[in-house]
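Below, chains carry the letters A, B, ... as their sequence lines are ordered, and counting in each starts from 1.
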Amino acid sequence: MDGIPIKTFTVGSKLLALYALASFEDSVFVVIPKSGERDTFQLVSVKLTKAAGQDLEAKELSVVLDGVDASPKCIAFGREGEYVASVKEVNLQVYFFKRKQLNRFSVSAMKTKSGKNHFMCIACHPTEDCIATGHADGKIRLWRNFHHKKEYTFSTLHWHHDTVMDLAFSLQGSSLLSGGVESVIVLWRNESERQRDFLPRLGSAIEYISVSPDGTLCCTLHTDNRITIINSNLRFSRSIQGLIKSTNVKTGLVVDPRTKALVLNGEPGHLQFYCLQSDQQLFSLDIVQRQYIHQAGLNQTDLVKVAFSAQGEWLATVEEREEVTDPELQLKLWFYDEETQSFKLNTRISMPHEDHITDMCFRDIDEVEDESLILVTTGSDCVFKVWVMVEDTDPEAQQSVSWSCDFVGSYHNYQATNCCFSEDGSLLAVSFEETVTVWDSVTWDLKCTFCYSPGKIRNICFGRLTCSKYLIGATDHGFLCCWNLLTCALEWSAYLNVVVLQPDPLSEHIAAISWLSKDSSLFVFKPNEPRPIYIQRNFCKEKIQLAVFVPREEPETIGSAKYLWLRRSQLFFLTATQELITLSTKSLEERLTPSSKQLAVEESLPVTPFSLLLGKHRRHQSQEDIDLGKLVVRNKPEQDSPAVKELLHTPAHVLPSASFLCPVFINSLLISKENPSAEEVADEVEMESEKTEADSDEERDVTEMEQEDTSPVELLGEITCKLSKSQEKELRKLRKMDYSWISAF
Amino acid sequence: MATYKPVVVQAFPRLGERITQDTLYWRGYKTPVQIKEFGAVNKIDFSPVSPYNYAVTASSRIHIYGRYSQEPIKTFSRFKDAAYGATYRDDGNLLVAGSEEGSIRLFDISGRAPLRQFDGHAKPVHVVGFLSDKYRIFSGADDYSSNLWDIPSATEIVSYSEHNDYVRCGCASKVNADVFITGSYDHTVKLFDARRKSSVMTIEHGHPVESVLLFPSGGLLVSAGGRYVKVWDVLKGGQLLVSLKNHHKTVTCLCLNSSGQRLLSGSLDRHVKIYSTTSYKVVHSFSYATSILSLALSPEDETIVIGMTNGVLNVKHRKPEERKVKSQKKRQPTYRTYVKGRTYMPKQEDFCVSKPVKRVLRKYDKLLKSFQSSKALDAVLEPPIRLYSPEVTVAVMQELHRRGTLRSALAGRDEKQVNLLLTFVARRVIEPRFTSVLVTVADIITDIYQPVVGQSAIVDRQFLRLQEAIGKEIDYQEELLEVLGMMDALFATFTKKRATYLEENRKEEER
């Protein structure tokens, strides 16, 4: 299994589902949209010709079933490929290949108490003539004797209270697995109502179920972007998960100061700590601590706000449950326990505000001791509250500190919407609808108010470092304002519909993301000058919901002045469809091979005379580098060029002819003193990207985004702007022909 | 994969005063015994030797009470007018008392007639006491003088007339046989040394001094007068250590407990406050029916005796310490059973089978786990849970509401169960911590059982009770709001006045 395509067949239309059967060796079945009609699909069999060549066109299509559902769950092939069954709405059709007979059955479209009884999914028994169908009202029907149009029978299994999402028979067909919104796997034995087993609380709704070919494992795919592997005796084995998708990221993107992990809503009621480097979930912290009932239409408690103190010692969370009268709120404060290496609940405050909590922040000062920690919450009940840590004097109390309310502030009975502390913690800015108020954080006196604008304040933040005398605010009506705190006057304002305003914790830069008719644009600026230092227009078609600066572990060396603001931290965005996007400054190929994979390639180099030669060459080069005191900018692509890697790594039977490979290889061995030409890079990248499979969605997004502004091309263009294109090519060729390697001999 | 999470029962902070070691200790007294005396009790003194009898001076008599006797075991009544300040000697054999007519009498506690009589004061003698060498007596009188007497010869040794008002309290040092202090209505406390001709130290208390006390170490002096109790460091030349203002009427008496760790003060405001002598904070307080004049604590704090202005003597005895009853409950398995196999180290070829930890779920949790809402509600309406931990019942109701099954769990109940439910709701709905949930429950119950109202007298009565409870609560809240409004108005006027007052002051200063 090397993951390299052997042949490619082009069918010529959109493929929605694909089925390959052992009994049909020379053809596959695909679901394609019916030409000419919208939203009608058909199942066709595609004849795979055995002609030579890599790219072939599959032209022989024959329609098997018409009017099928687009979902791959709605078609199943029976025992040894004798028949195919398909369901759509209230109809079941079975086509027998040998007899070329089509039988149609339907259930009466009645509305029961729990909903419609539409077909949702289908599965066929592997050894007997039996079809299992799942319905929207939670019933499973087992169809038999469907060779006859009239004398068919079916039996019903009912446990699910909501839609049956997927069905799967075990290898021998003795048991049937079903799953649905309840996130419970049900194992039906011997097709009887009574004998069933459950594996409950799998985390979120089950979307697909599949059984491994040897029958020992089954796995479920969940709606929250996770795969669970389960033993055949219904024991949880393990789960594969990256970024958990939650219905609504209300908490925003927060960075845990301790682990530098991205923190956001995970499973319902949980907080996920997602490691950006390894694309793994570090852990999931249960905040709500209540049993989650997987049922539609219930008002469940959910996590809405999260804040970390500067050192990561304290975590504040707000959970909320919508009620008819007023929301049920809880503010929880968690303390990081070094012993257990996790957060421990310290204080729980019921109903901290009478209405929704709109914002929350800690006064984060690095130098000051923990005793002066302050938490501010703002609420729609027109007040902001200041919470402080109190030491418990009673020696018998279980914990020495707890939190209590210290101050309640309000401003003309306006709703408090945002809050923010200045960098030194001396000032607190709270926005009340259209007004920004600034408070002294020691005496809690109102210092001054700022008001600009038609429109309510959407975001506020203080400038940092050299710009700490500025306060930035963004309003609903599309204005970005910057006030000077020393003169208490408006410094500048800009017309920009800012959705997200995010200051970098390690520099003066502030990122503003605007949403202008279908496109998101990024502006990076320093508060002391109204002119942005970086603009990236239309980098995403979707609306960006959230953004965050994640500090880098070590400052990166960035050549281009354009990206200097990304030196100390990296910017991440979350779109409305929950895709995580980042801006990268690295060249394309470095990014495309994840670090772990690079390592693997390195290790798996076979010891051949060729590789020894390569190793020698490399060592030589690195020595040279050391000699020169690293003054020479090393040409990275050359050192671990994907071309070389591919050459050494790709199995021989899929390699192109040697004559084709030679120039690529020789070129890659050449040491050029300058940057490689853009062409070459692009070449390699193409080769790489074709073969790299492992890159996840987000990375693909990055590529797309990055390709829009390929910086090397621009740079080169600036340098040799006076030369024509052909001259440029000539020059580049000359540069490439560097024969310094001869001197090595 | 997650396991079932039990229902979270909200823990609420306990209301009322916090229970500390001190409250437990000082609450450990039986209900008081009241003894009626003939007049205001001006002095109570415990005998320093077992069986710790105590002398009570009231009107013209001195009664000696035994530890548990309600009748005096002995009475000294040879006074023509009121007797004052009967005090035991260190060995418990002699008793000395002052009197209205100005003479001091010394009694042997086994005899009846006075052994000695010391005449010399022209006015009533309110305070007398033994010096710690046992052979001398000090006294303070309303003629502003304080004298020192020799017992064997019954003569006056020295007379100090340094106070310029009545001398009403005094105390002898236990460390030095020559040192005693007196407190006077001239707002001063004076320290005398019998070897000197005049007072050694004068402390300004600032109010007429009602009581003084020296710590057993002799280093600290406590004086009470007016509303203040003040502690002075004698060794630092009478420096004020701390001033306590916890009473709102004159403090009349002071007393230390046996360990010297707590200071008690009684006052005309009917309270006894107990202070810690390390932090000088009030750790506990008692309240009594009438103003307190005198107070004494027996050795080992076994008995607290309080004398009041109306002549009632209030005696509290300590409860005997509860001994742990050794009951042979159930034969436990032997120790060997527990340690068996615990120390066994697995060998290399052994397979280790770890036993999964079994989590014990409560009954209602088990039922909730299997989605049996009605039965879960039944389980928490069982008497022990319903009566003693209503928060569990309410938490389960809330959980059912969250799951959307509260209505079906409440429906379909018979008369007895509805009665039970309504009793619970009517009783608990006014508790603020339960109100939000129980109001919903009451709503649903009324919705469901509206059609059957009038069919059962019991259920109807419960509905009326619920209505009454809610009506009362509403009235109560309204009243509270009114009070709040009044207070707000008062505060507003107060701050305004103060602001104008300050402004006026400033204007005057400017002038």
Chi angles and distances behind the side chain to side chain contact (heavy atoms under 4.5 Å, CB included) call for B:Lys5, A:Arg201 | CA-CA 10 Å; B:Lys5 290 168 202 157; A:Arg201 293 181 285 281; over 6 Å; no
Would you sort out whether A:Arg348 and B:Gln10 count as a side chain to side chain donor-acceptor pair (under 3.5 Å), showing the intermediate values?
-> CA-CA 10 Å; A:Arg348 180 173 57 196; B:Gln10 283 263 34; 3.1 Å; yes
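Crowding of A:Glu322 atom CD: a count of heavy atoms from other residues, nucleotides or ligands under 6.0 Å exceeding 12. More than 12 heavy atoms of other residues, nucleotides or ligands shown are found within 6.0 angstrom of NZ on A:Lys332. Within 6.0 Å of CZ on A:Arg194 lie no more than 12 heavy atoms contributed by other residues, nucleotides or ligands. Around NZ of B:Lys375, the count of heavy atoms belonging to other residues, nucleotides or ligands within 6.0 Å does not exceed 12.
Rounding to the nearest 0.5 Å gives a distance of 7.5 Å between CZ of B:Phe371 and CD of A:Gln295. Here B:Ser436 contributes atom OG and A:Glu328 contributes atom CD; the two are 7.0 Å apart, rounded to the nearest 0.5 Å.
Annotation: residues 283-290 of chain A contacts chain B through A:Asp286, A:Gln289, A:Arg290 [non-hydrogen atoms, separation under 4.5 Å].
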Without placing hydrogens or testing angles, list every side-chain donor-acceptor pair under 3.5 Å for residues 466-479 of chain B, not counting sequence neighbours.
{"unit_1": "B:Glu473", "atom_1": "OE2", "unit_2": "B:Gln477", "atom_2": "NE2", "d": "3.0"}

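Looking at A:Thr301, the atoms closer than 4.5 Å to chain B (heavy atoms on both sides) all sit in the side chain, from C-beta outward. Interface remark: A:Ser350 contributes side-chain atoms only to the contact with chain B (heavy atom separation under 4.5 Å). Using a 4.5 Å cut-off between heavy atoms, A:His270 contacts chain B through its side chain alone, with no backbone atom that close.
For the salt bridge (Lys or Arg N to Asp or Glu O under 4.0 Å) test, residues two or more places apart in sequence or in another chain that qualify with B:Asp378 are B:Arg413. Every residue meeting the salt bridge (Lys or Arg N to Asp or Glu O under 4.0 Å) condition with B:Arg407, not counting sequence neighbours, appears here in chain and number order: B:Asp447.
The greatest number of non-hydrogen atom pairs below 4.5 Å with chain B, out of A:Arg321, A:Glu267, A:Arg238, is found for A:Arg321.
Of all heavy-atom pairs spanning B:Arg403 and A:Gln291, the tightest one is NH2-CG, 4.1 Å.
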